[in-house]
Amino acid sequence: QRDLNYGDTLHYVNFYLFDHDYLNFEPIFDFTARVFIKFFPEDPIYFLFFCAILTSSLLFIAYKKILGVDSSYLAYWILLSTFSFHYILFEAIRQGLSIGFLLLGVSYLVKDKDWIKYYICLFLAIGCHYSVIPFLFLPLLFLFKKQYYYYLIFIVVGVFGKFLLMKIGDIIGITVISQKLTVYAEMTSESKTILIRNLMLIGIAPFIYKISK
């Protein structure tokens with residue numbers, strides 16, 4: 001039912017068509033958007049379609065690696081049925097890309113113990129959305145042998161996620177993180193989505209523990 005004039009989607013379309021000269025997003029997402037702006041300056045549909053394809057593909061590859069070939073068919077149909085969500089709901093574009101890269105990295109981490117590929121994927125994820133920065137510390141959880149440590153750490157990060165992100169951003173000199181979170185905190189709907197994201201972060205704990213060897 002939505003179109004390019006709906007809600008937050010309109011702001012992204014305005015960025016693509018008019019405001020890209022002086023507005024910036026996370027670096028990798030911003031660079032990708034500007035490449036499409038260069039080749040398709042008057043039509044954001046191609047960029048939306050690319051983001052949808054990439055998000056769905058990343059999720060499918062990650063699920064396939066984690067769940068196996070047979071289970072991945074179910075994941076494929078789920079992703080296919082929600083393709084329009086990634087395509088037209090532009091509010092979720094940056095977050096969707098970020099989670100896609102993150103889950104792909106997690107699949108390398110828990111299946112192959114490959115920290116290098118995990119951090120490469122995480123770097124790409126952070127470049128699309130800063131909200132996954134706390135996952136910089138995820139591999140360290142493998143140093144803990146007790147299951148309840150996983151839950152405790154994830155709960156702390158989940159509950160204090162916004163505070164931690166702001167402090168990390170200030171420490172490493174990325175003040176834009178603090179600025180964005182301050183703006184989000186003043187918007188009721190965004191404050192709720194930040195809470196939901198943190199709860200999702202907590203919910204990932206048993207998932208990680210169960211599939212890791």
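Owing to the predicted nature of the structure, the values given are computational and were not obtained by experimental measurement. Each residue takes its place number in the sequence, starting with 1.
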Atom pair CG (Leu104) and CD1 (Ile66), whose distance is rounded to the nearest 0.5 Å: 8.5 Å
Qualifying residues under side chain to side chain contact (heavy atoms under 4.5 Å, CB included), relative to Ile126, sequence neighbours excluded: Leu122, Tyr130, Val132, Ile133, Leu136
Residue pairs, two or more places apart or on separate chains, that pass side-chain hydrogen bond (donor to acceptor under 3.5 Å, both in side chains) and touch residues 31-40: Asn24-Arg34, Asp30-Arg34
Phe25 CZ to Cys128 SG distance, which is reported to the nearest 0.5 Å: 12.5 Å
Stepwise side-chain contact (heavy atoms from CB on, under 4.5 Å) check, Phe101 with Phe123: CA-CA 9 Å; Phe101 281 117; Phe123 171 77; over 6 Å; no
For Asp114, salt bridge (Lys or Arg N to Asp or Glu O under 4.0 Å) partners two or more places apart: none
Taking every non-hydrogen atom, the tightest pair across Ala33 and Phe15: CB-CE2, 3.9 Å
Student check: side-chain heavy atoms of Cys121 and Leu102 closer than 4.5 Å: no
For Phe50, all residues meeting ring-ring contact (aromatic ring centres under 6.0 Å, His included), sequence neighbours excluded: Phe36
Tyr108 side chain near Lys65 side chain, heavy-atom distance below 4.5 Å: yes
Ring geometry between Phe47 and Tyr16 (parallel below 30°, tilted from 30 to 60°, perpendicular above 60°): parallel
Distance, nearest 0.5 Å, that separates CD of Glu26 from CG of Leu97: 11.0 Å
Aromatic centroids of Tyr118 and Phe135 separated by under 6.0 Å: no
Separation of Glu42 CD from Leu17 CG (nearest 0.5 Å): 8.5 Å
Least distance between heavy atoms, Ser107 atom then Ala62 atom: CB-O, 3.9 Å
Residue pair Arg94 / Tyr12, side-chain heavy-atom distance below 4.5 Å: yes
Residues forming a ring-ring contact (aromatic ring centres under 6.0 Å, His included) with Phe40, sequence neighbours excluded: Tyr46
Approximate separation, where rounding is to 0.5 Å, of Leu58 CG and Leu103 CG: 9.5 Å
Which residues share a side chain to side chain contact (heavy atoms under 4.5 Å, CB included) with Ile120, sequence neighbours left out: Ile116
Heavy-atom closest pair, residues Ser98 and Ala125: OG-O, 3.1 Å
